[in-house]
K.L.:
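Before I ask anything, here is the structure I am working with.
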Amino acid sequence: MTVTEQPPLRLPAPEDGGGAGPRTLLRLRPEVVVTAQGDDLELTHPWGRQRVHALGAETVRRLEALTRESADLADLARLGDGGRLLHLLRRFPYLVTTTLADRLGEPLATAVPIARSAALPGGAPPPETAVLSRFAYLRRLPEDHAGACVLESPMAPFRLTLHRPPAGAFVAAVTAARPVAEASVLAGLDPAAGRSLAALLAGTGFLDDGAAGEPPLWDFHDLLFHARSRPGRHDYPTGGVYAHPEIAQLPAVPGAGARESGDGIDLPVPDWDEVLARDPLLTEVLEGRSSVRDYAAAPVTLAQLAELLYRVARIRRIIPADPEDPHGYDVVDRAYPAGGATGELEIYLSVVRCEGLVPGVYRYDAAAHRLRPRPFSGPADEAAFRELMTAAWRATGCTVDPQVLLTVTSRFGRLSWKYSQIAYALTLKHVGVVYQTLYLVATAMGLAPCGLGSGDTDAAARALGLDWTAESSVGEFLIGSRPAHLPRRAQRFADIVTQARAAG
């Protein structure tokens with residue numbers, strides 16, 4: 001957490017004339033636009049717009065003022081028409097920020113609604129004991145907000161900005177169940193401020209109240225990834241927002257890596273008529289598809305790998321960017337569909353046994369249909385290669401010694417240059433599409449395919465010679481020679497329809 005040197009926060013006591021605790025300030029989110037039309041108005045905001053009728057001129061004026069400045073909740077309650085304004089704010093709570101501040105207006109914490117399910121916090125008494133939700137996390141804001149940090153959680157429909165160090169210290173104090181009074185002392189807050197902050201944490205969904213319980217089957221990172229990579233549980237810009245105009249888009253076709261030299265190995269291009277003549281029907285392939293963890297004695301051949309890679313992963317064409325479009329980029333067309341046609345996925349081959357190919361690491365050049373060797377630069381690279389193959393062996397339940405491991409990597413910048421919030425989720429969707437395409441083509445060709453559910457990111461980066469933050473493994477797939485006793489096509493549909501219908 002980024003902090004600045006400030007004196008401990010002490011709110012005035014009642015005898016000082018400052019009241020019994022911090023003030024609660026309400027304000028409309030900065031993105032909200034209020035357009036007044038007499039006694040009516042229109043609210044435009046990140047989730048859409050609403051029209052509200054017959055409010056009265058004074059209520060309209062006060063609501064417009066909330067786009068520029070905060071109003072004290074206690075003052076609003078005392079106003080003659082304050083009830084009408086508060087009713088309107090409670091009707092649209094996802095447009096209202098709530099700030100705890102001292103009597104001089106210095107903010108301690110601000111709750112910003114980030115989902116339409118948010119309700120105005122407050123109304124319930126502060127808890128006597130507090131413990132932070134296991135899904136909550138604290139992070140710093142960008143440098144233009146230095147000194148502040150935010151508390152977020154996929155379980156909470158709010159983002160809580162902590163403006164001063166004692167607020168962060170209070171959050172740290174309740175990472176274990178602790179009386180609010182004790183947490184306040186540890187954080188350097190007076191009791192009234194501690195109680196108000198505990199109430200705000202509870203009202204915004206950041207405490208584990210033990211009643212409803214937190215979802216036990218979710219890991220922290222999975223729930224966070226799910227909530228942040230789809231709209232509905234956050235208010236961050238999502239989709240093709242082109243958030244990095246100052247950075248050039250990565251090239252559609254990557255250049256040679258540091259460990260690559262020479263012209264590489266040109267692969268044969270399969271013959272269209274020959275492939276059509278021997279391929280099974282699509283339905284036979286779909287029904288015959290399975291993960292095969294058993295290999296024939298003779299390994300897969302270079303010609304088979306060449307055909308598989310050509311049919312699955314080659315670049316069919318590149319559509320150049322429109323030079324007049326500031327958001328234009330070269331579109332990559334491949335055999336499988338991909339959001340934005342960014343073509344961020346690459347395939348590397350880690351070869352143990354392949355007829356016609358020396359064991360080692362290769363990058364598939366999808367534009368030239370060529371293998372580019374990546375020789376090991378020393379014993380450390382060779383050790384990483386062994387680690388990679390061991391991880392693949394373990395991923396199969398230690399059932400098969402790999403012949404060829406295909407590592408699918410993502411050049412993340414090709415996606416994140418255009419897409420925000422959904423970039424990583426999108427690349428994983430693409431990996432799934434590649435897996436299915438590999439399965440179908442390998443099955444049609446009579447090979448032994450097996451998608452893996454995990455891989456060693458660090459070992460892959462070292463073995464393949466990659467910076468894992470720029471291009472990293474996101475999928476692993478084994479290819480080998482299919483045993484003769486396993487058919488490559490199905491003869492009929494298989495299902496459990498009869499049993500399921502009989503059961504109810």
Side-chain angles (χ1 to χ4, degrees), residues 222 225-226 229-231 238-240 249-250 252-254 270 275 279-292 304-319 329-350 363-367 369 392 395 404-445 447-455 457 460 464 471-479 488:
D222 282 333
F225 176 58
H226 175 59
S229 60
R230 298 179 63 83
T238 300
Q249 171 65 302
L250 295 177
V253 179
V275 169
D279 258 6
L281 296 175
L282 175 61
T283 299
E284 293 176 324
V285 174
L286 280 170
E287 293 299 312
R289 182 219 57 79
S290 66
S291 294
V292 180
Q304 289 173 318
L305 284 181
E307 180 180 333
L308 179 70
L309 293 169
Y310 183 87
R311 295 174 64 177
V312 172
R314 79 184 186 282
I315 295 176
R316 298 194 294 198
R317 61 174 177 157
I318 295 176
I319 304 172
Y329 59 92
D330 292 344
V331 167
V332 179
D333 175 35
R334 282 181 160 143
Y336 56 85
T342 55
E344 85 283 2
L345 296 184
E346 302 292 332
I347 291 182
Y348 292 78
L349 289 75
S350 296
R363 177 175 67 88
Y364 177 57
D365 183 339
H369 188 49
V404 177
L405 173 67
L406 304 182
T407 300
V408 183
T409 68
S410 176
R411 294 187 296 141
F412 303 116
R414 281 288 291 180
L415 277 174
S416 59
W417 181 82
K418 176 179 180 179
Y419 295 106
S420 293
Q421 298 301 313
I422 65 171
Y424 191 69
L426 192 56
T427 209
L428 295 185
K429 290 180 173 73
H430 297 166
V431 173
V433 175
V434 170
Y435 269 35
Q436 176 71 337
T437 308
L438 280 166
Y439 264 116
L440 296 181
V441 175
T443 300
M445 291 178 59
L447 298 176
C450 183
L452 304 182
S454 64
T457 297
L464 307 180
E471 179 181 354
S472 180
S473 57
V474 286
E476 293 79 19
F477 201 98
L478 288 175
I479 288 292
R488 66 169 180 163

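Note that the structure is a prediction, hence the values are computed from the model and not measured.
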K.L.:
Within the distance-only criterion (no hydrogens, no angle test), does the side chain of R316 pair as donor or acceptor with the backbone N or O of R334 below 3.5 angstrom?
P.N.:
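Here the side-chain-to-backbone pair exists.
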K.L.:
What distance do Q436 atom CD and R289 atom CZ have between them, rounded to the nearest 0.5 Å?
P.N.:
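Answer rounded to 0.5 Å: 6.5 Å.
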K.L.:
Side chain to side chain contact (heavy atoms under 4.5 Å, CB included) with I422: which residues, sequence neighbours excluded?
P.N.:
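Counting only residues at least two positions away or on another chain, I422 forms a side chain to side chain contact (heavy atoms under 4.5 Å, CB included) with T238, Y419.
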K.L.:
Does the pair E471 and Y348 meet the rule for a side-chain hydrogen bond (donor to acceptor under 3.5 Å, both in side chains), with working shown?
P.N.:
CA-CA 12 Å; E471 179 181 354; Y348 292 78; 2.9 Å; yes
K.L.:
Below 4.5 Å, heavy atoms only, C-beta onward: do L406 and L438 meet side chain to side chain?
P.N.:
yes
K.L.:
What's the spacing between L464 CG and S350 OG if we round to 0.5 Å?
P.N.:
5.5 Å
K.L.:
Go through the structure and list residues passing side chain to side chain contact (heavy atoms under 4.5 Å, CB included) with Y424, not counting sequence neighbours.
P.N.:
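Counting only residues at least two positions away or on another chain, Y424 forms a side chain to side chain contact (heavy atoms under 4.5 Å, CB included) with F225, F412, T427, L428, V474.
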K.L.:
Does R317 CZ have over 12 foreign heavy atoms under 6.0 Å away?
P.N.:
no
K.L.:
R414: which residues meet the side chain to side chain donor-acceptor pair (under 3.5 Å) condition with it, sequence neighbours left out?
P.N.:
none
K.L.:
Please evaluate residues T409 and L345 with respect to the criterion side-chain contact (heavy atoms from CB on, under 4.5 Å), reporting the C-alpha separation (whole Å), side-chain torsions for both, the decisive distance (0.1 Å), and the verdict.
P.N.:
CA-CA 6 Å; T409 68; L345 296 184; over 6 Å; no
K.L.:
On a heavy-atom basis, which atom in P270 and which in V275 lie closest, and how many Å separate them?
P.N.:
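Taking every non-hydrogen atom into account, CB-CG2, 4.0 Å.
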K.L.:
Residues two or more places apart in sequence or in another chain: which of them pass side chain to side chain donor-acceptor pair (under 3.5 Å) with S291?
P.N.:
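With sequence neighbours excluded, S291 shows a side chain to side chain donor-acceptor pair (under 3.5 Å) to Y439, given in chain and number order.
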K.L.:
With P280, which residues qualify under side chain to side chain contact (heavy atoms under 4.5 Å, CB included), at least two apart?
P.N.:
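For P280 the side chain to side chain contact (heavy atoms under 4.5 Å, CB included) partners, ignoring immediate neighbours, are E284, V285, A444, R488, R489.
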K.L.:
Please check this pair: side chain of H430 against backbone of G339, looking for a donor-acceptor N/O pair closer than 3.5 Å.
P.N.:
yes
K.L.:
Rounded to the nearest 0.5 Å, how far does CG of L405 lie from SG of C450?
P.N.:
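Result: 10.5 Å between the selected atoms.
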K.L.:
Would you give the length of the straight line joining atom CZ of R314 to atom CD1 of I347, rounded to the nearest 0.5 angstrom?
P.N.:
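These two atoms lie 12.5 Å from each other.
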K.L.:
Holding to side chain to side chain donor-acceptor pair (under 3.5 Å), I want the full list of residues that pass it with R311, two or more places apart in sequence or in another chain.
P.N.:
D279, E307
K.L.:
Applying side-chain contact (heavy atoms from CB on, under 4.5 Å), run through I319 and D333 and close with a yes or a no.
P.N.:
CA-CA 8 Å; I319 304 172; D333 175 35; 5.5 Å; no
K.L.:
Applying side chain to side chain donor-acceptor pair (under 3.5 Å), can you list everything that pairs with S473, at least two apart in sequence or on another chain?
P.N.:
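So S473 forms no side chain to side chain donor-acceptor pair (under 3.5 Å) with any residue.
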K.L.:
Who are the ring pair (Phe, Tyr, Trp, His ring centres under 6.0 Å) partners of Y336, not counting sequence neighbours?
P.N.:
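So Y336 forms no ring pair (Phe, Tyr, Trp, His ring centres under 6.0 Å) with any residue.
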K.L.:
Please determine whether side-chain contact (heavy atoms from CB on, under 4.5 Å) holds for the pair Y329 and T342, giving the CA-CA distance in whole Å, both sets of side-chain angles, and the decisive distance to 0.1 Å.
P.N.:
CA-CA 8 Å; Y329 59 92; T342 55; 4.0 Å; yes
K.L.:
So which pairs with a foot in residues 340-350 pass salt bridge (charged side-chain N to carboxylate O under 4.0 Å, His left out), sequence neighbours left out?
P.N.:
E346-R411
K.L.:
Got a sec, which residues hit side chain to side chain contact (heavy atoms under 4.5 Å, CB included) with A442, two or more places apart in sequence or on another chain?
P.N.:
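Only L308, L447, P449, I479 meet the side chain to side chain contact (heavy atoms under 4.5 Å, CB included) criterion with A442.
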K.L.:
CG/D330 to CG/L250 distance, rounded to the nearest 0.5 angstrom?
P.N.:
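Nearest 0.5 Å value for the CG-CG distance: 11.5 Å.
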K.L.:
How far does CG of L426 sit from OG of S416, to the nearest 0.5 angstrom?
P.N.:
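With rounding to 0.5 Å, CG (L426) is 11.0 Å from OG (S416).
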